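Below is one structure, written out as structure tokens; the observations come after it.
Computed from a predicted model, the values in this text were never measured in an experiment. Position 1 is the first residue of the sequence, and the numbers go up from there. All ligand and atom numbering here is 1-based and tracks the order in the structure.
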Amino acid sequence: MADRVLRHILQSQQFDRPFLEIIFRWAGNFKRNMSGTLSWGGSSEERLWDSKQLQGTHMIELFYEASTRTRTSFGMAGLRLGMNLIWTENAKEFSSAIKGETLEDTIRVLCEYGPDAIVLRHYETGSAERAAAVSSVPIINAGDGIGQHPTQALLDLYTIWEKFGTADGLRVVMVGDLLNGRTVRSLAYLLAKYRSIRISFVSPSDLRIGSDITGWLDKKGIVFNEYDTLGWETLGYADVVYCTRIQKERGSDASEETLAKFRIGKQQMEMMKESAILMHPLPRNDEILPEVDSDPRAVYFKQAGNGMYVRMALLLWVLHRI
Ligand code: NCD
């Protein structure tokens with residue numbers, strides 16, 4: 001164990017396409033097997049299908065920020081593979097952070113207990129890298145402030161891959177708070193690995209995508225445009241529309257009048273192609289109206305569900321099983 005390279009997951013740029021194909025194949029297998037088992041309504045033992053490939057291993061989920069999907073889907077992924085699990089939610093208040101302990105010291109202490117992986121969500125950009133620098137076990141970045149959310153990007157891309165088989169040649173529209181939303185940042189880095197992709201960034205003018213991302217896309221030769229309204233010129237050509245909420249807790253703000261310009265309802269869905277998909281990392285506020293939930297192109301709940309399968313595959317990789 002000690003001499004093995006630690007497989008941290010810190011940022012989307014670290015993944016290459018062969019890696020993505022492996023993770024997506026495994027996630028797809030898990031999804032097919034598990035939903036197949038569920039649909040035959042087999043015994044409870046069969047319903048809890050898993051290969052228990054990680055039996056006897058331990059995961060710590062250390063979350064300093066709110067989470068629903070990321071924490072529970074990592075937990076479910078680990079449990080289904082036979083991992084043992086311990087977590088601290090709201091570690092900002094309920095861990096020694098409130099007594100002034102640094103993140104580095106907390107990670108050093110947790111490592112002494114011998115976990116096989118630590119899933120970390122923290123409010124500071126760069127926290128996952130800081131944790132990894134002192135950790136003797138793999139760190140999985142589950143969101144570092146406005147920095148990145150690489151495992152979300154993997155499940156987002158998996159959802160795109162499930163529909164289109166690739167991201168090559170797609171037109172992707174990203175809408176909402178592109179300044180402080182970490183999911184769009186991580187996804188943009190991933191999409192930049194694909195050929196002939198075109199990205200439209202649609203946001204209020206004070207919540208535009210950062211120059212670190214546009215600079216990266218320029219460097220990679222990716223065609224992108226920025227818009228401050230959501231209409232035919234973007235929706236009409238999109239294969240993927242990826243909406244995000246305004247990150248109020250990170251200081252973003254927008255008036256109701258502004259928000260209304262970026263909202264997706266039935267009228268906007270009419271502008272979209274039949275073959276397009278509408279995505280959202282969730283939680284949503286009212287940037288996507290519930291009236292479109294039943295539209296088959298609205299895939300955000302399935303997208304969230306994919307998170308568990310993708311994280312099962314990732315855990316296998318992090319623990320050197322694939
Ligand atoms: C996202 C996050 O935490 O960045 N949530 C998630 O993990 N699905 C998106 C958000 O909070 O807006």
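With respect to the salt-bridge test (charged N to carboxylate O, under 4.0 angstrom), the residues Lys273 and Asp239 qualify. Salt-bridge annotation for Lys99 and Glu93: absent, with no side-chain N of the basic residue lying under 4.0 Å from a carboxylate O of the acidic one.
Here Asp168 pairs with Arg17, Thr166, Tyr194, Arg195 under the side-chain contact (heavy atoms from CB on, under 4.5 Å) rule; sequence neighbours left out.
Each of Arg69, Thr70, Arg121, His149, Gln152, Arg182, Thr183, Arg245, Gln247, Pro281, Leu282, Pro283 has a non-hydrogen atom positioned under 4.0 Å from some atom of ligand 1.
When the shell of 6.0 Å around CD1 of Ile86 is examined, it contains 12 or fewer heavy atoms from other residues, nucleotides or ligands.
Donor-acceptor pairing under 3.5 Å is recorded for the side chains of Thr106 and Glu101.
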Check step by step if ring pair (Phe, Tyr, Trp, His ring centres under 6.0 Å) holds for Tyr237 and Trp232.
CA-CA 8 Å; Tyr237 298 100; Trp232 274 104; 8.6 Å; no
